[in-house]
Amino acid sequence: MEYKFYDLQIKGDERGSLTVVEGNKDIPFEIKRVYYIFDTKMDVRRGFHAHKDLEQIAICVSGSCKFHLDNGHKTAEVLLDSPSKGLYVGKMVWREMYDFTPDCVLMVLASEHYDGNDYIRDYQAFQECVQNV
Ligand code: TYD
């Protein structure tokens, strides 16, 4: 399964905390895009796709949420509940996000610019792709 956690260092002092993520240094790719998901309504489940080439790191900078990950052979449920925890999700991993707390801000660092053609949004098509690898 192409996922792993990155422990991001918290630089704290009497004023509070600060965490830095540098592309190709703290994470294994150059960051070309950042987006964040917030104000997610109760009981919403989103995602429901895999990417052909995109790599991402997801960080819950506030609150928490869970990821359901699936590589076509194995699944995993992952809790993101700390701004110092980066979840790397590689290519061809189906993801669904759920159990967002009201204060959740899920920030995603992406290796490529937005490209609708990189998405596989049909689960059956995803299964066929990964079974043929
Ligand atoms: P969507 O892919 O549905 O979100 P998720 O898979 O996380 O549930 O994205 C919602 C909308 O935002 C959709 O119209 C596409 C658009 N979008 C962009 O324009 N650029 C981006 O980088 C992303 C991630 C989404």
Side-chain angles (χ1 to χ4, degrees):
M1 174 78 78
E2 268 283 56
Y3 82 89
K4 67 182 272 192
F5 285 111
Y6 281 83
D7 286 324
L8 307 168
Q9 202 193 330
I10 298 178
K11 297 167 190 286
D13 59 29
E14 65 288 349
R15 297 168 302 169
S17 304
L18 183 153
T19 296
V20 189
V21 184
E22 292 195 40
N24 277 335
K25 203 167 152 192
D26 302 304
I27 61 171
F29 56 81
E30 196 172 326
I31 300 163
K32 287 207 184 150
R33 177 166 53 107
V34 178
Y35 63 92
Y36 34 96
I37 294 169
F38 56 99
D39 280 350
T40 308
K41 303 294 174 275
M42 283 273 281
D43 300 326
V44 161
R45 204 171 169 100
R46 58 184 302 169
F48 295 96
H49 64 259
H51 287 282
K52 296 175 205 162
D53 282 316
L54 190 71
E55 298 172 272
Q56 297 185 309
I57 299 265
I59 303 162
C60 249
V61 293
S62 167
S64 70
C65 70
K66 290 179 188 153
F67 273 68
H68 165 79
L69 301 172
D70 177 350
N71 68 359
H73 304 283
K74 278 195 231 162
T75 64
E77 308 304 316
V78 167
L79 172 67
L80 269 189
D81 60 353
S82 163
S84 66
K85 205 159 142 185
L87 171 67
Y88 170 87
V89 182
K91 303 168 189 187
M92 295 307 285
V93 177
W94 185 267
R95 82 283 316 267
E96 296 170 20
M97 295 86 86
Y98 62 103
D99 276 3
F100 290 85
T101 56
D103 59 343
C104 179
V105 180
L106 177 64
M107 180 174 74
V108 181
L109 313 176
S111 64
E112 301 296 337
H113 294 141
Y114 181 71
D115 175 7
N117 292 323
D118 188 62
Y119 282 70
I120 302 174
R121 291 193 180 273
D122 180 79
Y123 187 70
Q124 200 59 43
F126 165 72
Q127 278 290 350
E128 282 163 21
C129 283
V130 288
Q131 300 310 330
N132 291 333
V133 172

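Please read all numbers here as calculations on a predicted model, not as lab measurements. Remember, it's 1-based here, ligands and their atoms both numbered in the order they're listed.
Nearest protein heavy-atom contact of atom 10 (C) of ligand 1 is R46 NH2, 4.0 Å. Closest protein heavy atom to atom 2 (O) of ligand 1: R121 NH2, 3.0 Å. If you check which protein heavy atom lies closest to atom 22 (O) of ligand 1, you get R33 NH1, 2.4 Å.
The main-chain N or O of V93 is found under 3.5 Å from a side-chain atom of R95 such that the two form a donor-acceptor pair. Distance alone, capped at 3.5 Å, is enough to place a donor-acceptor pair between the Q131 side chain and the G72 backbone. Judged purely by atom type and a 3.5 angstrom limit, K91 has no side-chain atom pairing as donor or acceptor with the backbone of E2. Not one N or O on the side chain of R121 forms a donor-acceptor pair closer than 3.5 Å with the backbone of H49.
F38 and I59 fall within the same hydrophobic cluster, where Ile, Leu, Val, Met, Phe, Trp and Tyr residues are linked whenever their side-chain heavy atoms come under 4.5 Å apart, directly or through other members.
F48 and F126 have their aromatic ring centers separated by at least 6.0 angstrom.
When each atom of ligand 1 is checked for a heavy atom of H49 under 4.0 Å away, the hits are 6 (O). Within ligand 1, the atoms closer than 4.0 Å to a non-hydrogen atom of Y35 are 24 (C), numbered from 1 in the order shown. With ligand atoms numbered from 1 in the order given, ligand 1 contributes 7 (O) to contacts under 4.0 Å with heavy atoms of M97. Taking every non-hydrogen atom of I37 and a distance limit under 4.0 Å, the qualifying atoms of ligand 1 come out as 7 (O).
Residues M97 and L106 are in side-chain contact: their nearest non-hydrogen atoms beyond the backbone lie under 4.5 Å apart.
Protein heavy atoms come within 4.0 Å of atom 24 (C) of ligand 1. Counting only heavy atoms, the protein never gets under 4.0 Å from atom 14 (O) of ligand 1.
At a 3.5 angstrom cut-off on N or O pairs, Y114 does not count as close to ligand 1.
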